[in-house]
Amino acid sequence: MNAAIVGIGATDFSKDSGRSELRLAAEAVRAALEDAGLAPSDVDGLVSFTMDTNAEIAVARELGIPGLTFFSRVHYGGGAACATVQQAAMAVETGMAEVVVCYRAFNERSGHRFGQVQAAAAANIDNSWSYPVGLGTPAAMVAMFARRYMHEYGATSEDFGRVAVVDRKHAATNPRAWFHDRPITLADHQASRWIAEPLRLLDCCQESDGGVALVVTSAGRARDLPNEPALVEAAAQGSAADQFTMTSYYRDDLTGLPEMGVVARGLWRRSGIGPSDVDVAVLYDHFTPFVLVQLEELGFCGRGEAKDFVASGALELTGSLPLNPHGGQLGEAYLHGMNGIAEAVRQVRGTAVNQVADVEHVLVTAGTGVPTSGLVLGRG
């Protein structure tokens, strides 16, 4: 693809921002443009999520963007993060826009909390089969999936906990992370309270306030900007047969995420690389069990083998597949995966706090249990 991420910006990550969601969005976009060496007047495209309350025209108005030739929104919550970059890259490649900013901002802890039962969501046909029997939160929905996965492959709560321990270890050395300087042990994970068995508190991502923005332009223009660009080597979205939102319980196999398999095949085909070529993996970690399943769907290990792959130490910074060096959504912040894309850019630039040596290719995923998306970013 002839597109690159040339700017990244974020607000602080907190539990009570004290600002409107529109202000958070404007702060993040302005920071990203400053990082890119560009001005609001250079922007002619904006992309966000359907769940973002900040309308494109409102963001443009607040920042003084004079006009937009492209604006778009992507569905399915966290599954949209990498797809916003895909939309931006397609707009740049087709000439619909020259500089596109992807953004996401919310007060997800102090305001509208996605992890709680939402009465309006019960009207969604995907939820109508599960809400009446008590599956009214994401944690409960994932718990059903996780229990079947444990039954099929012998995974345990400790296997899930190792993902949380790695993420929190990396967050502990990241000053921007909410859980900076607060690592956990596997014993801490096992002592944390149940949320929805077999998920414990430390299997579940945070609720955060904040915003993140990314600036996308052509690879050619990127060469004239101050920072090393992160080339968009591949982008993909994926939905699979019998896809529901968080509750795809009606498939013949209930232990996989075939939508992530669709993304994986698209990424490997378009980028020309494979799992063995990935230097850093930024995987969507809103719940720990889905990290294990992603490792299998993406081809890093066989079906049912992720528990052993994780236990081997592969996800450590010095392992064969460093995971979420920023701490992920479990350790840094829950910004629907957008902060993970920013970390991938830092890894490509060589400026991350927990920098992995000699990074050429970073894999990013977004969303699990919903239609998903992914990116392969590489050095320019």
Side-chain angles (χ1 to χ4, degrees), residues 5-68 71-74 77-78 80-81 84-85 87-88 97 99-114 171 174-180 206-217 225-227 230 326-327 329 332-346 349 351-353 366:
I5 301 175
V6 297
I8 54 176
T11 67
D12 58 308
F13 302 136
S14 72
K15 303 298 182 186
D16 187 3
S17 73
R19 289 106 85 194
S20 70
E21 293 183 333
L22 180 57
R23 179 173 171 178
L24 292 172
E27 288 180 9
V29 173
R30 184 173 293 280
L33 288 171
E34 290 175 355
D35 181 63
L38 296 169
S41 58
D42 294 305
V43 177
D44 54 2
L46 290 172
V47 184
S48 189
F49 295 50
T50 54
M51 297 174 70
D52 200 307
T53 63
N54 302 297
E56 299 90 335
I57 56 173
V59 173
R61 189 171 60 244
E62 293 302 315
L63 289 167
I65 296 171
L68 296 173
F71 38 93
S72 176
R73 291 201 169 209
V74 187
T84 64
V85 176
Q87 292 272 320
V99 176
V100 183
V101 179
C102 310
Y103 66 91
R104 179 76 172 110
F106 54 31
N107 285 320
E108 202 269 333
R109 180 58 180 85
S110 64
H112 177 72
R113 298 174 66 181
F114 298 138
N174 173 10
R176 290 186 59 84
W178 177 256
F179 284 114
H180 175 239
Q206 307 178 57
E207 295 174 304
S208 304
D209 289 6
V212 176
L214 315 161
V215 181
V216 178
T217 191
L225 298 176
N227 293 310
H326 61 313
Q329 298 177 110
E332 186 184 60
Y334 176 65
L335 264 295
H336 262 162
M338 292 291 276
N339 52 319
I341 304 174
E343 172 64 14
V345 173
R346 289 189 289 266
R349 290 179 177 178
T351 61
V353 171

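None of the values given here were measured: they were computed from a predicted structure.
Remark: Asp52 CG to Arg73 CZ distance equals 5.5 Å, nearest 0.5 Å. Atom CG of Leu24 sits about 4.5 Å away from atom OG of Ser17, to the nearest 0.5 Å. For the atom pair Ser14 OG and Arg109 CZ, the distance stands at 10.5 Å (nearest 0.5 Å). Annotation: the span from Glu56 atom CD to Arg61 atom CZ amounts to 11.5 Å, rounded to 0.5 Å. The line from CZ of Arg104 to CE of Met51 is 6.0 Å long, rounded to the nearest 0.5 Å. Distance check: Leu335 CG to Phe106 CZ gives 5.0 Å after rounding to the nearest 0.5 Å.
When Asp12, Asn107, Asp209 are each tested for a side-chain hydrogen bond (donor to acceptor under 3.5 Å, both in side chains) with Arg19, only one passes: Asp12. When Leu38, Asp42, Leu33 are each tested for a side-chain contact (heavy atoms from CB on, under 4.5 Å) with Val101, only one passes: Leu33.
Under the 3.5 Å distance criterion, the side-chain polar atoms of Glu343 are left unmatched by any main-chain donor or acceptor of Ala352. Remark: side-chain polar atoms of Tyr103 are paired, donor with acceptor, to backbone N or O of Asn54 under 3.5 angstrom. Between the side chain of Lys15 and the backbone N or O of Ser110, no donor-acceptor pair lies under 3.5 Å. Between the side chain of Asn174 and the backbone N or O of Gly327, no donor-acceptor pair lies under 3.5 Å. Formation of a donor-acceptor pair under 3.5 Å by the Gln206 side chain with backbone atoms of Glu332 is found in this model. A side-chain donor-acceptor contact under 3.5 Å links Asn227 to the backbone of Asp35.
The shortest non-hydrogen separation linking Pro226 to Ala36 is CD-O, 3.3 Å. Between Ala25 and Val59 the shortest heavy-atom distance is CB-CG2, 4.3 Å. Taking every heavy atom of both residues into account, Ile341 and Ala81 meet most closely at CD1-O, 3.6 Å. Heavy atoms only, all atoms of each residue included: Ala31 and Ala10 are closest at CB-N, 4.2 Å. Here the shortest heavy-atom pairing between Ala171 and Ala177 reads O-CB, 3.6 Å. Nearest heavy-atom pair across Val47 and Ala88 is CG2-N, 4.3 Å.
No side-chain heavy atom of Gln329 sits less than 4.5 Å from a side-chain heavy atom of Ser208.
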side-chain contact (heavy atoms from CB on, under 4.5 Å) between Arg349 and Ile8, intermediate numbers included: CA-CA 11 Å; Arg349 290 179 177 178; Ile8 54 176; 4.0 Å; yes

Could you walk me through whether Leu68 and Asp44 pass the side-chain contact (heavy atoms from CB on, under 4.5 Å) test, one step at a time? CA-CA 4 Å; Leu68 296 173; Asp44 54 2; 5.5 Å; no

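Arg30 has no carboxylate O lying under 4.0 Å from a charged side-chain N of Glu27, or vice versa, which leaves the two without a salt bridge.
With a 6.0 Å radius and a threshold of 12 heavy atoms from other residues, nucleotides or ligands, Phe71 has its CZ atom at or below the threshold.
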